[in-house]
Protein chains: 2
Amino acid sequence: MTSELDPKQQYDAKKYRTPDGIPADIVMFTLTRQERRAATKSLPRFDLKVMLIRRKSWPFAGAWALPGGFSQESESLYETARRELKEETGVDEGHLEYLGVYSTPGRDPRGWIISHAFFALVEEWVLEKRQAADDAQTVGLFTVQEALHELELAFDHREILQDAYRKIQEQMLQTTIAKQFLPEHFTLSELYQVIQTVVPDFAELNFIRKITSTRSRQGILEEARSEEGVPLLSNQYSQRPAQLYKFTDFTPRLSIYT
Amino acid sequence: MTSELDPKQQYDAKKYRTPDGIPADIVMFTLTRQERRAATKSLPRFDLKVMLIRRKSWPFAGAWALPGGFSQESESLYETARRELKEETGVDEGHLEYLGVYSTPGRDPRGWIISHAFFALVEEWVLEKRQAADDAQTVGLFTVQEALHELELAFDHREILQDAYRKIQEQMLQTTIAKQFLPEHFTLSELYQVIQTVVPDFAELNFIRKITSTRSRQGILEEARSEEGVPLLSNQYSQRPAQLYKFTDFTPRLSIYT
DNA sequence: GCAATAGTGTCTGTTAGACAGTATCTA
DNA sequence: TAGATACTGTCTAACAGACACTATTGC
């Protein structure tokens with residue numbers, strides 16, 4: 001117990017066996033958009049994808065792995081993850097969130113290596129640029145389903161990816177992270193598509209009305225207006241122009257009892 | 001990047017500086033009950049308390065700290081936390097959940113020490129027994145408010161406690177952890193008191209009716225019945241017997257959009 | 001006019017929220 | 001019978017869910 005070691009022991013923690021490394025691994029999600037060929041304008045098809053890197057060397061040479069790297073003494077783990085995200089993608093902003101710790105003995109054949117998983121939400125072009133710079137053999141962008149069920153993943157990265165997928169689904173419904181996958185102003189159909197892409201069994205027939213006209217949910221979104229107060233519309237995805245919305249900074253508190 | 005180290009480097013991770021220790025610290029919550037003196041039977045007053053240990057030696061000698069201890073190579077961090085919980089309280093079951101990692105450089109003057117916080121929900125008698133075995137000078141049971149605002153806490157344990165408090169409040173509303181603070185069968189007033197103790201600004205005037213007679217929430221609770229199907233009642237806290245309930249294993253999915 | 005998205009109308013049954021009122025039991 | 005908890009009644013406004021219907025505009 002920390003509090004009951006004698007002073008000698010506390011000074012010399014190195015007398016114990018200590019870990020061989022503390023990496024941060026990052027699940028980088030992105031939402032890709034593919035135009036559908038249709039008679040008129042239509043919403044693109046979305047896919048939730050994850051970036052993986054093919055390992056070159058032992059262990060798990062040839063398998064796909066989450067990008068990541070070891071933490072240094074001078075930085076917190078969040079800073080490690082930020083740094084790795086920057087190194088991998090070139091961007092130093094965007095949503096980055098802690099996921100959890102993976103410490104099962106034997107998870108890494110190189111030694112006692114405790115990994116911290118993060119997940120990031122990055123824009124499509126970022127990962128595509130990264131992929132273009134390298135070989136498609138080296139960097140891959142896969143749908144979550146492919147990555148989970150069709151690829152050989154290194155270490156316990158399948159478990160990490162599974163946890164990350166569960167977490168992003170939860171967050172998509174309970175927070176406003178959807179904004180990470182949308183431009184500042186967006187239509188309600190776009191928002192609905194984003195939610196459905198991440199959480200396929202999310203279904204709301206009266207989505208538009210529920211968002212716009214129920215008092216208890218007012219405050220999550222607000223209409224986008226020009227400086228003169230004129231409502232902003234978009235006909236990017238439809239013939240009929242649609243009202244644009246933006247997120248406020250309000251997130252309601254959820255409860256199973258209310 | 002993990003995947004781009006050459007084989008030599010990967011074999012000898014020890015050539016890098018590695019952490020001096022990876023402890024698990026545990027925020028042990030309990031709910032204490034104090035009978036109120038009243039003319040007739042009445043509900044007890046509840047308090048959410050946390051167990052702290054007074055440090056004997058450098059660093060932070062004399063300050064209060066979360067119980068915890070260093071992880072070993074042969075165990076996962078969850079197992080470390082379980083083991084510490086057992087060592088501190090004598091019980092090897094009960095709710096134990098991961099909270100997060102604390103790795104700000106300099107957080108521990110002893111060296112590069114990355115701490116993993118857990119929180120546990122234990123029964124009142126467990127901590128009282130522990131406290132009786134030691135000195136009140138050594139082991140303390142404080143309300144969260146006291147611990148956060150009136151005590152000198154070691155390391156970054158105030159931040160950890162603050163995070164744990166936020167998390168338990170969220171969990172209390174969004175999951176069924178309330179069951180950890182209740183007997184198997186309980187009255188709705190008891191449940192309401194438990195929720196309110198952890199989340200003081202939770203207020204529902206029609207709590208009983210909302211829980212029992214709204215279809216969308218059916219499934220969280222069910223009436224406790226004897227084997228013959230007779231509803232079980234309790235008059236422990238009231239003259240008029242109250243229906244007993246128990247949790248099912250169902251937890252609804254929450255969403256800000258529905 | 002057709003195709004596609006963007007909404008609105010309408011109906012029924014359920015729920016929220018406020019608050020008054022009744023029920024039950026024992027000290 | 002007083003005091004405490006345990007409910008139930010009642011009313012209004014809001015909401016959910018289903019589905020039909022209208023609106024807009026480029027092609």
Side-chain angles (χ1 to χ4, degrees), chain A residues 33-46 185-194 196 201-221 223-224 231-245 252-258, chain B residues 33-46 185-194 196 201-221 223-224 231-245 252-258:
Chain A
R33 308 173 182 232
Q34 298 174 42
E35 301 303 325
R36 284 155 40 205
R37 55 246 156 279
T40 75
K41 290 178 186 172
S42 65
L43 278 166
R45 201 170 78 83
F46 290 83
H185 295 160
F186 50 86
T187 68
L188 294 181
S189 296
E190 275 184 286
L191 171 59
Y192 188 63
Q193 290 298 316
V194 167
Q196 275 214 317
D201 59 346
F202 178 81
E204 285 299 322
L205 276 90
N206 293 328
F207 183 72
I208 290 181
R209 179 156 29 194
K210 286 179 72 165
I211 286 292
T212 56
S213 69
T214 60
R215 274 222 297 239
S216 59
R217 265 178 298 275
Q218 265 172 25
I220 301 176
L221 298 180
E223 293 182 358
L232 293 176
L233 305 178
S234 160
N235 65 344
Q236 185 180 4
Y237 300 123
S238 64
Q239 317 285 36
R240 172 173 172 176
Q243 174 65 50
L244 289 168
Y245 287 83
R253 189 172 73 173
L254 298 173
S255 162
I256 61 174
Y257 300 111
T258 338
Chain B
R33 308 173 182 234
Q34 297 174 44
E35 300 304 328
R36 284 156 38 204
R37 55 246 157 279
T40 75
K41 291 177 187 174
S42 64
L43 277 166
R45 199 169 80 82
F46 291 83
H185 295 161
F186 51 86
T187 67
L188 294 182
S189 296
E190 275 184 287
L191 172 59
Y192 187 64
Q193 289 299 315
V194 167
Q196 274 214 318
D201 60 345
F202 178 83
E204 284 300 320
L205 276 91
N206 294 328
F207 183 72
I208 291 180
R209 179 153 30 190
K210 284 178 73 165
I211 285 293
T212 55
S213 68
T214 60
R215 274 222 298 239
S216 60
R217 267 179 295 275
Q218 264 171 27
I220 301 175
L221 297 179
E223 293 182 357
L232 293 176
L233 305 178
S234 159
N235 64 347
Q236 187 180 2
Y237 299 123
S238 63
Q239 317 285 32
R240 174 173 170 176
Q243 174 66 49
L244 289 169
Y245 286 83
R253 188 173 74 174
L254 298 173
S255 161
I256 61 173
Y257 299 111
T258 338

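By convention in this document, chain letters (A, B, ...) are assigned in the order of the sequence lines, proteins followed by strands, and residues within each chain are numbered from 1.
- Atom CG in B/Leu188 sits roughly 17 Å away from atom C1' in D/dA4 (whole-Å rounding).
- For A/Glu204 and D/dG17, the CD to P distance is 6 Å, given to the nearest whole Å.
- B/Leu43 approaches B/Gln193 most closely through the heavy-atom pair CD1-CG, 3.7 Å.
- Here the P atom of nucleotide D/dA16 and the CD1 atom of A/Ile208 are 15 Å apart, to the nearest Å.
- The shortest side-chain heavy-atom distance between A/Tyr245 and A/Ile211 does not fall under the 4.5 Å cut-off.
- If you take NZ of A/Lys210 and P of C/dT15, they are 13 Å apart, rounded to a whole angstrom.
- Taking the six-membered ring where tryptophan is involved, the planes of B/Tyr192 and B/Phe207 are tilted, since the angle between them lies from 30° to 60°.
- Inter-residue side-chain proximity for A/Gln236 and A/Lys41 is flagged as unmet; no heavy-atom pair is nearer than 4.5 Å.
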Requested in this report: Scan nucleotides 18-27 of chain C nucleotide by nucleotide, 5' to 3', and note B when protein non-hydrogen atoms come under 4.0 Å of the base, S if they reach only the sugar-phosphate, - if neither.
Outcome: BB---BBBB-

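- To the nearest angstrom, C1' of D/dC7 lies 13 Å from CD of B/Glu223.
- Summarising the geometry, the separation between CG on B/Leu191 and P on D/dC7 is reported as 13 Å, rounded to the nearest angstrom.
- As rounded to whole Å, 14 Å separates atom P of C/dT8 from atom CZ of A/Phe207.
- Among all heavy-atom pairs drawn from A/Ser255 and B/Leu254, the shortest one is O-CD2, 3.7 Å.
- Between B/Ser234 and B/Phe186, the closest side-chain pair of non-hydrogen atoms is not below 4.5 Å.
- The CZ atom of A/Arg45 sits 18 Å away from the C1' atom of C/dA4 (whole-angstrom rounding).
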